[in-house]
2 protein chains.
Amino acid sequence: MNNGRFAIALHILTLLDKAKDELLSSEYLAGSININPAMVRKELSSLRNHGFVESKEGKNGGSSLAKSAKEISLGEVYQSVRQLSLLGHQKNTPNPKCPVGKDINEHLNNLYNDTELVLIEQLSKQSLADFSQKFK
Amino acid sequence: MNNGRFAIALHILTLLDKAKDELLSSEYLAGSININPAMVRKELSSLRNHGFVESKEGKNGGSSLAKSAKEISLGEVYQSVRQLSLLGHQKNTPNPKCPVGKDINEHLNNLYNDTELVLIEQLSKQSLADFSQKFK
DNA sequence: TCATTCTGTAATTATTTTTATTACAGTACA
DNA sequence: TGTACTGTAATAAAAATAATTACAGAATGA
């Protein structure tokens with residue numbers, strides 16, 4: 001996983017699942033995660049775009065799951081937060097005159113893609129419901 | 001993969017494999033990768049500690065593989081560069097008063113560990129020899 | 001209707017992590 | 001003993017992440 005966003009996203013989703021259909025405010029979510037409400041809203045925006053969450057604006061507003069926790073796999077959550085590819089990625093510009101340097105990015109990309117597929121497959125074995133259920 | 005070090009490590013190892021038993025200098029390696037020789041030496045130091053590489057100091061010195069490329073799996077290379085765990089990791093300090101916040105780090109760690117095991121398994125299907133052989 | 005309590009988003013700043021650079025002592029060779 | 005390397009540490013620069021601030025807009029209900 002690239003980044004801390006996965007943890008935040010999963011934390012949010014778990015809280016929403018636990019809250020059933022009650023709407024939770026970004027302030028409340030931020031309090032459990034211990035980060036800034038604006039960060040929560042940013043992540044919620046992404047989760048909304050991916051169809052996991054829906055939010056209601058205005059007074060008494062907040063967010064809730066847009067579908068059953070059983071229908072959200074951790075692989076999908078991973079994919080919603082992933083940027084670039086798994087391994088950090090090609091900011092390298094190897095020497096094109098070197099037979100290895102010339103082609104290494106292509107081969108690395110293939111390797112990363114194959115590996116990431118397996119990772120997603122593994123994460124997808126678990127649904128949000130499975131994860132959430134671990135919390136009493 | 002956490003970071004760009006994997007790409008650098010694999011690039012170095014591939015070059016060393018291609019060079020057979022010839023010693024390659026950090027300057028030469030840096031030229032193919034297009035990074036600073038000091039960075040190469042730092043990575044070589046780690047690769048040496050993991051038993052993949054051996055280096056000779058002094059004039060006409062340089063590095064070579066310490067064992068056959070067939071005996072080095074990409075999973076091992078990954079493990080040599082990995083720091084912390086796969087997913088970025090627990091700098092979060094969630095609210096201990098929240099039932100979710102209280103336990104989420106533990107559950108995330110379990111998830112990350114399981115996932116990383118599968119990732120390493122996948123990478124280990126390929127040896128350095130397999131990877132190196134892709135380059136003409 | 002309008003004060004209140006939310007969200008949505010952008011802009012900015014701060015912090016952390018990563019990468020690059022510089023420097024130089026130590027080693028081996030010829 | 002000069003030259004060409006490695007090893008390593010210290011420092012600086014750059015990039016990526018995360019935090020903060022700010023404020024317009026939406027929904028509620030007194």
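A, B, ... follow the sequence lines: proteins, then strands. Residue 1 opens every chain.
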Tell me every residue that passes side-chain hydrogen bond (donor to acceptor under 3.5 Å, both in side chains) with [X], counting only those two or more places apart in sequence or in another chain.
X: A:Asn34; answer: B:Thr93
X: B:Ser26; answer: B:Arg41
X: B:Ser68; answer: none
X: A:Ser46; answer: A:Arg5

Residue pairs passing the salt bridge (Lys or Arg N to Asp or Glu O under 4.0 Å) test with at least one member in residues 15-35 of chain B, sequence neighbours excluded, are none
Identify, residue by residue, the members of residues 9-33 of chain B with a heavy atom below 4.0 Å from DNA chain C, and return them in order of residue number, or none.
->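 Nothing qualifies; none.
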For DNA chain C, determine which residues of residues 35-51 of chain B have any heavy atom closer than 4.0 angstrom to one of its atoms, and list them numerically.
->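 Residues of residues 35-51 of chain B under 4.0 Å from DNA chain C: B:Ile35, B:Asn36, B:Ala38, B:Met39, B:Arg41.
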Identify, between A:Glu57 and A:Ile8, the residue whose nearest nucleotide on DNA chain D lies closer to the 5' end.
->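 Final value for this comparison: A:Ile8.
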Earlier contact from the 5' end, DNA chain D, for B:Ser63 and A:Asn34 |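 It is B:Ser63, whose closest nucleotide lies nearer the 5' terminus.
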Counterpart residues, ring-ring contact (aromatic ring centres under 6.0 Å, His included), relative to A:Phe135 (two or more places apart) |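 ring-ring contact (aromatic ring centres under 6.0 Å, His included) list for A:Phe135, sorted by chain: A:Phe131, B:His107.
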Transitive ILVMFWY cluster of A:Val118, excluding itself - 4.5 Å side-chain cut-off |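 Traced through the cluster, A:Val118 reaches B:Val118.
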Name each donor-acceptor pair under 3.5 Å that joins a side chain in residues 51-63 of chain B to protein atoms two or more places apart or in another chain, with its distance.
unit_1, atom_1, unit_2, atom_2, d
B:Ser55, OG, B:Arg48, NH1, 2.9
B:Ser55, OG, B:Ser63, OG, 2.8

Who pairs with A:Ala129 by side-chain contact (heavy atoms from CB on, under 4.5 Å), at least two apart in sequence or on another chain?
->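 So A:Ala129 forms a side-chain contact (heavy atoms from CB on, under 4.5 Å) with A:Ala69, A:Lys70, A:Ser127.
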Could you check how far CZ of B:Arg5 sits from P of C:dA20, rounded to whole Å?
-> 13 Å
Ignoring hydrogens and angles, tell me if any N or O in the side chain of A:Glu43 forms a donor-acceptor pair with the backbone of A:Val40 under 3.5 Å.
-> no
Write down the protein N/O and nucleotide N/O pairs, taken from nucleotides 28-30 of chain D, whose separation is under 3.5 Å; answer none if there are no such pairs.
unit_1, atom_1, unit_2, atom_2, d
D:dT28, OP1, A:Lys56, NZ, 2.8

